[in-house]
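Taking it in order: structure first as structure tokens, then the write-up.
Every number for a ligand or one of its atoms is a count from 1 in the order of the listing. Because only heavy atoms are used, hydrogens play no part in the values below, and waters and symmetry mates are left out as well, while side chains stay in.
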Amino acid sequence: MKIFLDTANIEEIQEAAASGLVDGVTTNPTLISRVEGKFEDIIREICEVVDGPVSAEVVSLDSAGMVAEATELAKIHDNVVVKIPMTKEGSKAIRELAGMGIRTNCTLVFSANQAFIAAKAGASFVSPFIGRLDDAGQVGMDLVREILTIYDNYCFDTEVIVASVRHPLHVVESLIAGAHIATIPHAIFEKMFRHSLTDKGIDAFLMDWEKVKERQGG
Ligand code: E4P
């Protein structure tokens with residue numbers, strides 16, 4: 001499964017990318033609002049750090065406006081994937097952009113029908129928001145499993161990005177479901193490396209190693 005970082009914070013991206021484990025980045029208007037700088041410059045800088053798909057979202061609501069914005073965003077860098085919200089207008093824009101060879105990530109997906117339409121329209125990626133579904137009292141991961149089955153049944157090559165990830169267990173569930181990608185906030189990426197028993201084990205080994213050194217006279 002590919003790991004995308006769900007942030008626009010360049011320090012977080014640089015730090016995580018140094019692990020060699022980051023395959024892409026997703027942003028949205030909220031994440032962009034949390035960092036300084038011009039939208040285009042932020043996206044360009046991220047693309048220069050991570051050699052993989054970098055999602056940048058349009059804000060127009062009509063398909064013509066979305067296509068116009070997407071065309072400009074795609075010029076920033078080859079890594080740019082344009083995020084388009086799942087609406088009827090959005091699906092029109094996805095179809096048109098696919099014809100132009102511009103990759104899209106259909107975002108704000110909360111149902112299997114929406115994911116089907118996104119794939120049929122030609123989206124390169126689809127983003128079901130599992131955390132927000134959990135918040136609304138629905139099991140978000142059930143949607144991911146449904147989408148994967150539908151895409152498998154009909155050989156869609158749209159990749160499923162598990163989005164709105166809230167904790168490390170969401171990542172494990174994505175892996176078990178067979179999702180193509182999980183987009184993960186930096187804090188959760190950090191938690192994936194950690195276990196208190198690992199820390200405890202390292203401390204015990206180092207203390208015991210001191211005894212070995214003493215026994216060996218130095
Ligand atoms: C990623 O593509 C989404 O924009 C993001 O995961 C949304 O997460 P949130 O529900 O925590 O805002």
Side-chain angles (χ1 to χ4, degrees), residues 1-10 12-13 16-17 21-35 39 42-43 46-47 49-50 52-61 66 69-70 73-74 76 79-87 90-91 93-94 97 102-111 114-115 117-119 121 123-144 147-148 151 158-175 177 179-192:
M1 185 176 78
K2 282 173 264 187
I3 293 177
F4 285 6
L5 274 190
D6 195 25
T7 179
N9 182 307
I10 197 70
E12 289 182 351
I13 293 167
L21 299 172
V22 176
D23 302 297
V25 173
T26 52
T27 69
N28 61 38
T30 303
L31 294 172
I32 294 290
S33 76
R34 292 185 187 148
V35 297
F39 180 34
I42 296 165
I43 296 298
I46 296 172
C47 289
V49 174
V50 175
V54 173
S55 289
E57 189 158 344
V58 299
V59 290
S60 294
L61 297 179
M66 289 176 184
E69 273 188 68
L73 289 171
I76 296 175
N79 290 353
V80 169
V81 170
V82 182
K83 237 179 173 184
I84 306 277
M86 168 32 74
T87 59
S91 78
I94 289 168
L97 290 165
I102 294 177
R103 293 182 296 167
T104 55
N105 171 0
C106 184
T107 189
L108 289 166
V109 166
F110 294 97
S111 79
Q114 290 180 322
I117 288 165
S124 309
F125 303 93
V126 67
S127 292
F129 277 32
I130 60 166
R132 292 193 195 186
L133 278 172
D134 288 355
D135 292 345
Q138 245 180 284
V139 179
M141 282 309 301
D142 283 349
L143 174 61
V144 172
I147 297 171
L148 288 167
Y151 285 7
T158 305
E159 291 186 78
V160 178
I161 305 179
V162 178
S164 188
V165 165
R166 297 279 159 79
H167 46 70
L169 189 54
H170 274 154
V171 182
V172 175
E173 289 174 321
S174 304
L175 286 159
H180 305 98
I181 302 152
T183 189
I184 304 170
H186 184 264
I188 295 169
F189 180 71
E190 282 297 302
K191 283 185 185 170
M192 287 166 63

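- Among all non-hydrogen protein atoms, the one lying nearest atom 11 (O) of ligand 1 is Arg166 NH2, 3.3 Å.
- At the shortest separation from atom 2 (O) of ligand 1 among protein heavy atoms lies Lys83 NZ, 2.6 Å.
- A 4.5 Å side-chain heavy-atom check between Ile147 and Tyr151 finds at least one atom pair inside the cut-off.
- By the 4.5 Å heavy-atom criterion applied to side chains, Leu97 and Ile84 are counted as neighbours.
- Nearest protein heavy-atom neighbour of atom 7 (C) of ligand 1: Phe129 CE2, 3.6 Å.
- Within ligand 1, counting atoms from 1 as listed, the ones closer than 4.0 Å to a heavy atom of Thr26 are 1 (C), 2 (O).
- With contacts defined as side-chain heavy-atom distances shorter than 4.5 Å, the pair Val59/Glu69 qualifies.
- Nearest to atom 12 (O) of ligand 1 among the protein's heavy atoms is Arg132 NH2, 2.8 Å.
- The minimum heavy-atom distance linking Val80 with Cys47 is given by the pair CG2-SG, 3.9 Å.
- With a 4.5 Å cut-off on side-chain heavy atoms, Val162 and Glu173 do not count as touching.
- Nearest to atom 6 (O) of ligand 1 among the protein's heavy atoms is Asp6 OD2, 2.6 Å.
- Remark: ligand 1 and Ser164 share an N or O pair separated by less than 3.5 Å (distance only, no angle test).
- The side-chain hydrogen bond (donor to acceptor under 3.5 Å, both in side chains) test with Ser127 singles out one residue from Thr26, Thr107, Asn105, Thr183, and that residue is Asn105.
- Side chains of Asp6 and His186: no donor on one and acceptor on the other come within 3.5 Å.
- Here the heavy atom of the protein found nearest to atom 4 (O) of ligand 1 is Asn28 ND2, 2.7 Å.
- Residue contacts with ligand 1: Thr27 is placed with no nitrogen or oxygen under 3.5 Å of a nitrogen or oxygen of the ligand (distance criterion only).
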